[in-house]
Amino acid sequence: MLEFADNHHTDRLTLFAEVILPLAIAKNYTYRVPYEMNDAVAVGKRVMVQFGKSKLYTAIVAGIGTEAPQKYEAKYLLEVLDDRPVVTQQQLEFWKWLADYYLCNVGEVMAAALPAALKLASETKIMLNPDGNIDRSLLHDKEFLIVDALDIQPILSVSDIVKLLGQKIVMPVLKSMFDKNIIHISEEVSERYKPRKRSYIKLNSLYNEPDMRRELFAELERRAPKQADAVLAYLKLSREQPLVSKNDLMEASGASAAIIKALSDKEVFYIEERNVSRLYYEEFDLAANFELSEAQQNALTDIQNHFKEKEVVLLHGVTSSGKTEIYIRLVEEALHAGKQVLYLLPEIALTTHVIERLRKYFGNDIGVYHSRFNDNERVEVWQKVLNHEYKVVLGARSAVFLPFDNLGLVVVDEEHETSYKQFDPAPRYNARDAAIYLAGRYQAKVLLGSATPSFESYFNARTGKFGLAEITERFGGVSLPEIEVVSITEETKKKTMQSHFSSVLMNDIQTALTNKEQVILFQNRRGYAPVLVCRVCAFTPKCINCDVSLTYHKSSAHLHCHYCGYKEESLSVCPACGSTHLEYKGFGTEKIEDELQVLLPDARIARMDLDTTRARNAYQNLLNDLEEKRIDILVGTQMVAKGLDFADVTVIGIINADSLLKYPDYRANERSFQMLAQVSGRAGRRGKQGKVVIQTYNPQHRVIGQVISNDYKELYLSEIDERKNFKYPPFYRIIQMDIKHKDAEKLHYQAEYLAVELRKHFGDRVIGPEYPLVSRIRNFYIKSIMLKFEKDNISIVKVKSVIRDVILQFQTTQLSKGCIIQPDVDPY
DNA sequence: AGCACGCCGACT
DNA sequence: GTCGGCGTGCTC
């Protein structure tokens, strides 16, 4: 960074500003500050600059100096956009660290960190604020011109406005219009985030009295028979489901909205609007002044003690152990100390439900930061954090970029969630790790919470880098579910299996249905059958791109590749030998659903997997159906393990645990344990005893034993030993990989494929690759690579190519920049 | 990220 | 003979 210049009496001093552009370019650029802006320019303020031939960008001033660049003539800054910095020095340093750690450019971090409205560029779209009532008489000439143009053409770009006004510098005008809420600024047309609402009907409790009810019916029968029908339909529905929605009632009774309105006007019905955000979490509402249970209190004391010497504490508490209450206590503590709090949640959990609960405690001190919010709202949160109006920010991963200056505590709930990691555009950061680093900068404490901690966090806790607090019992005496392991081998011998369902599972399903409770069945594969085989010649249809067997989907009658999405019509004749004896082998969610429906013709069965949730709102609709008990049994993939919590789901069936137990890489146990434990944790709520049935061919499998005892310790101790071997004397390992993608050569994105292959071995510790490198290592197929394992580093040493079959020696740093494998996460 | 320059395949 | 594909390099 350039030296700081004395900003006083600088009228005649020539200043140069080093700026960060929101682009993937390697370094910062230097612009000359016009004399008249000498006083206005400052580190952290936004400036308009021209970059390249015609593009205008918003850049952030990263440094100010007095020395003119030697090798080129600096252009002038066009404008200083802010009266005071919008980005703090702390943030700039955080960006730099992030760019370095995740191998990208600071500009890319800036692009991810700033809400779109703070980084206007010439292609940025401008539109009228649909909510604003514009008093045109108060507008200046230029503003009037813009509003007028937007009336005719609702979306204009900044460059359109440059043409419209006939002047180059339009940002001040646009900025003031944005501040006055006249216009919206956006890169794309952003959807406004609205909590989903649903209307529910309640009968006036007056009519629970038999006499009153009889009187009501007599009256209605006589004067409004349709209304009587509606009330009758309501009574019937309310016996079947706890909540009757307006839509249900209209459907069931054929009543129109007018009829329901009339009944509500007569105060026979009450209509209640409720937020539909049923995901996640302990179902009971927090009492206004809750008391911690003994277990919670012990965990809290543990955490507080650990915080005396450790920066990070992992709270490992079983599902429903009441972790949220502990977070709230800690947040209160931090607030009393006058500090800011960052509370991170995975995207899926950030629902109005959770937000409301926390708002109840912290009132207007709490801000919510979410990618689904529109940009104006995001800028508002940004500003309010900057002004200290928000003391607590509840947010998804991008909330780590907010301008905190007095952070005291970071809570990362569900820290194992993979959605904390951003994959697609750089920076490919993990918000959990970034938050740990961020907290370190402020000497703030971090609490990681999970029922199924990630490997690295548990490792760090077990080896003493993090503190560890545990809660092993559920809150309020809700008991842990009973887990029964069923040997498929044995039941097959006894001939008690009905299709894929053991007698144990069938019994439990039946019992649940009789008690009007619900069931979730977990099957780790979607589609109908993962393989189609010719019984005569053993031919199997394979994907033409990926060389994996195609999965049969009954609903589409097509064979699908689950890797690349390739699709072809299903076969009735073997293309190799002409035989018609084609057999579907294995089973997926579709088949489970089908066969269960045959066995239980009256049950209402639904399926939740990628195929049924692709449509907009399909996922939400399924959840609503489950909540409102229009579904008895839900069959699903991974998806059902994430955050679903419903009071009446008492039985969970894992159709075949074996597909989870056979991952080849060393993180297998972690993943399968997490998945099984997450699924199991969903059974039983509100005083109901839950039951988990695990069907398997390997009842003795280590991981199954650990799931039963919920024993993370045992699971990890052996893994940690294995990990230690990685750490000590450096050794080399060759990984074979076979990259067969048809397009690999054409696309040249070898590093991308390298990354895909490496991820199979090392999971998401593999990061990259970055574009500039990709183009340098293209034009050959990677056959094998040699990795060097050292204490704190795993690096790529050699790459063997297929085409010329020669070993190419790369500079480790050069190649590893394209695709690096991180050692244990260590943000310090 | 954009944009220009430059070098090889299918076309009025 | 040109148009246009994308590969490469540059932007203060």
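On a predicted model such as this, the values are computed, not experimentally measured, just so you know. Lettering follows sequence order; numbering is per chain, from 1.
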Presence of A:Lys55 side-chain N/O under 4.0 Å of B:dA1 phosphate oxygens OP1/OP2: no
Ring centre gap for A:Tyr57 and A:Tyr29 strictly below 6.0 Å: no
Nearest-angstrom distance from the residue atom NZ of A:Lys119 to C1' of B:dA1: 12 Å
Test side-chain contact (heavy atoms from CB on, under 4.5 Å) applied to A:Gln90 and A:Asp405, step by step: CA-CA 7 Å; A:Gln90 281 277 13; A:Asp405 76 341; 6.0 Å; no
Write out a two-atom table: protein N or O, nucleotide N or O from nucleotides 10-12 of chain C, distance below 3.5 Å.
{"from": "C:dT11", "atom 1": "O3'", "to": "A:Gly52", "atom 2": "N", "distance (Å)": "3.4"}
{"from": "C:dC12", "atom 1": "OP1", "to": "A:Gly52", "atom 2": "N", "distance (Å)": "3.4"}
{"from": "C:dC12", "atom 1": "OP2", "to": "A:Lys75", "atom 2": "NZ", "distance (Å)": "2.3"}
{"from": "C:dC12", "atom 1": "O3'", "to": "A:Thr30", "atom 2": "O", "distance (Å)": "3.0"}
{"from": "C:dC12", "atom 1": "O3'", "to": "A:Lys75", "atom 2": "N", "distance (Å)": "2.7"}
{"from": "C:dC12", "atom 1": "O2", "to": "A:Thr30", "atom 2": "N", "distance (Å)": "2.9"}
{"from": "C:dC12", "atom 1": "O2", "to": "A:Tyr72", "atom 2": "OH", "distance (Å)": "2.5"}
{"from": "C:dC12", "atom 1": "N3", "to": "A:Tyr72", "atom 2": "OH", "distance (Å)": "3.4"}

Under 3.5 Å donor-acceptor, A:Asn105 side chain and A:Gly107 backbone: no
Backbone N/O of A:Ser419 and side chain of A:Arg397: donor-acceptor pair under 3.5 Å: yes
Gap between atoms CD and C1', on A:Glu108 and B:dA1 respectively (whole Å): 9 Å
Short side-chain to backbone donor-acceptor contact, A:Lys384 and A:Gly367, under 3.5 Å: no
